[in-house]
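In what follows, every heavy atom counts, from backbone to side chain, and hydrogens, waters and symmetry copies are set aside. Position 1 is the first residue of the sequence, and the numbers go up from there.
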Amino acid sequence: MEYCRRLSDRDGREYRLPTEAESEYACRGGSTGNYSFGNDVSVLGRYGWFEENSWDKDEKYAHLVRQKLANPFGLFDMHGNVWEWCSDWYGEKYYDESPSVDPEGPNDGEYRVCRGGGWNFTAWNSRSAYRNWCAPTSRSGTLGFRLVSVISE
């Protein structure tokens with residue numbers, strides 16, 4: 001979040017982490033399946049780095065972006081490679097009680113939401129709807145972030 005603040009100050013425009021809902025929407029790319037390309041898990045290796053094509057192949061690291069296919073929105077690396085921080089606090093049962101349109105997560109918490117999966121996680125963890133959490137102080141070779149550039153109207 002500090003990076004977002006500094007970049008925003010430098011560029012004179014607002015950058016922020018996506019909400020969990022924004023992250024899932026971007027990952028899905030319009031799909032209602034488990035992945036942006038549907039439900040066929042055998043295709044996942046064409047779209048992302050995960051346990052079977054990274055960890056199991058002794059490639060135990062985050063890979064350079066844009067080496068796999070983009071989702072229907074033209075976004076790369078939405079499945080696997082690194083977990084991406086979201087701005088929302090994690091609430092285990094939040095979606096059972098949240099608004100159905102643009103939920104913003106609980107007002108506070110102990111953990112932040114991370115989405116997308118990682119190079120050392122299973123295909124199941126790379127699904128569009130999979131939720132994970134990390135303490136805000138966590139640092140790891142499986143954590144990264146993607147920024148939202150806010151367009152002024």
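Between the CH2 atom in Trp85 and the SG atom in Cys134 there is a gap of 4.5 Å [rounded to 0.5 Å]. Distance OG1/Thr122 to CD/Glu51: 6.0 Å, rounded to 0.5 Å. The CG atom of Leu44 lies 11.0 Å from the CZ atom of Arg46; values are rounded to the nearest 0.5 Å. Expressed to the nearest 0.5 Å, how far CZ of Arg6 lies from OG of Ser8 amounts to 12.5 Å. From Phe76, atom CZ reaches atom CG of Leu64 across 13.0 Å, with rounding to the nearest 0.5 Å. Between the CH2 atom of Trp55 and the OG1 atom of Thr142 there is a distance of 10.0 Å, given to the nearest 0.5 Å.
In this structure, Asn107 places its CG atom where only 12 or fewer heavy-atom neighbours from other residues, nucleotides or ligands lie under 6.0 Å away. Within 6.0 Å of OH in Tyr15 there are more than 12 heavy atoms belonging to other residues, nucleotides or ligands. Counting heavy-atom neighbours within 6.0 Å of Glu59 CD, excluding the residue itself, gives a total above 12.
Proximity of the aromatic rings of Tyr35 and Tyr47 is defined here by a centroid distance below 6.0 angstrom, and this criterion is not met. Here Tyr3 and Phe145 bring their ring centres to under 6.0 angstrom of each other.
By the criterion of side-chain heavy atoms lying less than 4.5 angstrom apart, applied directly or through intervening Ile, Leu, Val, Met, Phe, Trp or Tyr residues, Val41 is grouped together with Phe50 in one hydrophobic cluster. Grouping the Ile, Leu, Val, Met, Phe, Trp and Tyr side chains by contacts below 4.5 angstrom, directly or via other members, places Leu147 apart from Val150. Leu75 and Val65 are members of different hydrophobic clusters when ILVMFWY side chains are connected at heavy-atom separations under 4.5 Å. Cluster membership check: Met78 does not share its hydrophobic cluster with Leu17, using side-chain heavy-atom separations under 4.5 Å among Ile, Leu, Val, Met, Phe, Trp and Tyr.
Listed here is the closest heavy atom pair of Gly38 and Ser31: N-OG, 4.0 Å. Closest heavy-atom contact between Gly48 and Asn53: O-ND2, 3.0 Å. In this structure, Asp88 and Ala21 approach most closely via the heavy-atom pair OD2-N, 4.5 Å.
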Full working for side chain to side chain contact (heavy atoms under 4.5 Å, CB included) between Asn34 and Ser128 | CA-CA 6 Å; Asn34 288 331; Ser128 299; over 6 Å; no
Stepwise side chain to side chain contact (heavy atoms under 4.5 Å, CB included) check, Arg112 with Trp89 = CA-CA 4 Å; Arg112 293 275 185 190; Trp89 290 105; 3.3 Å; yes
Can you list the steps and then say if Val113 with Asn132 is a side chain to side chain contact (heavy atoms under 4.5 Å, CB included)?
-> CA-CA 6 Å; Val113 174; Asn132 201 359; over 6 Å; no
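Donor-acceptor pairing under 3.5 Å is recorded for the side chains of Ser149 and Arg13.
Residue pairs meeting the side chain to side chain donor-acceptor pair (under 3.5 Å) criterion with at least one partner in residues 74-83, sequence neighbours excluded, are Ser36-His79.
In this structure, Arg16 pairs ionically with Glu22, as a charged nitrogen and a carboxylate oxygen lie closer than 4.0 Å. Arg146 and Glu84 are joined by a salt bridge, as a carboxylate oxygen and a charged side-chain nitrogen come within less than 4.0 angstrom of each other.
At a threshold of 4.5 Å between non-hydrogen side-chain atoms, the residues Arg115 and Tyr130 do not count as touching. Under the 4.5 Å side-chain criterion, counting only non-hydrogen atoms from C-beta, Thr19 is not in contact with Cys86. Here the side chains of Arg28 and Glu24 are in contact, with some heavy-atom distance below 4.5 Å. A 4.5 Å side-chain heavy-atom check between Val82 and Leu143 finds every atom pair outside the cut-off.
No donor-acceptor distance shorter than 3.5 angstrom exists from the side chain of Asn125 to the backbone of Gly117, with no hydrogens or angles considered.
With Trp49 as the aromatic partner, Lys68 meets the cation-pi criteria of under 6.0 angstrom to the ring centre and within 45 degrees of the ring axis. Note that Arg131 lies outside the cation-pi zone of Trp133, set by a 6.0 Å cut-off to the ring centre and a 45° limit from the axis.
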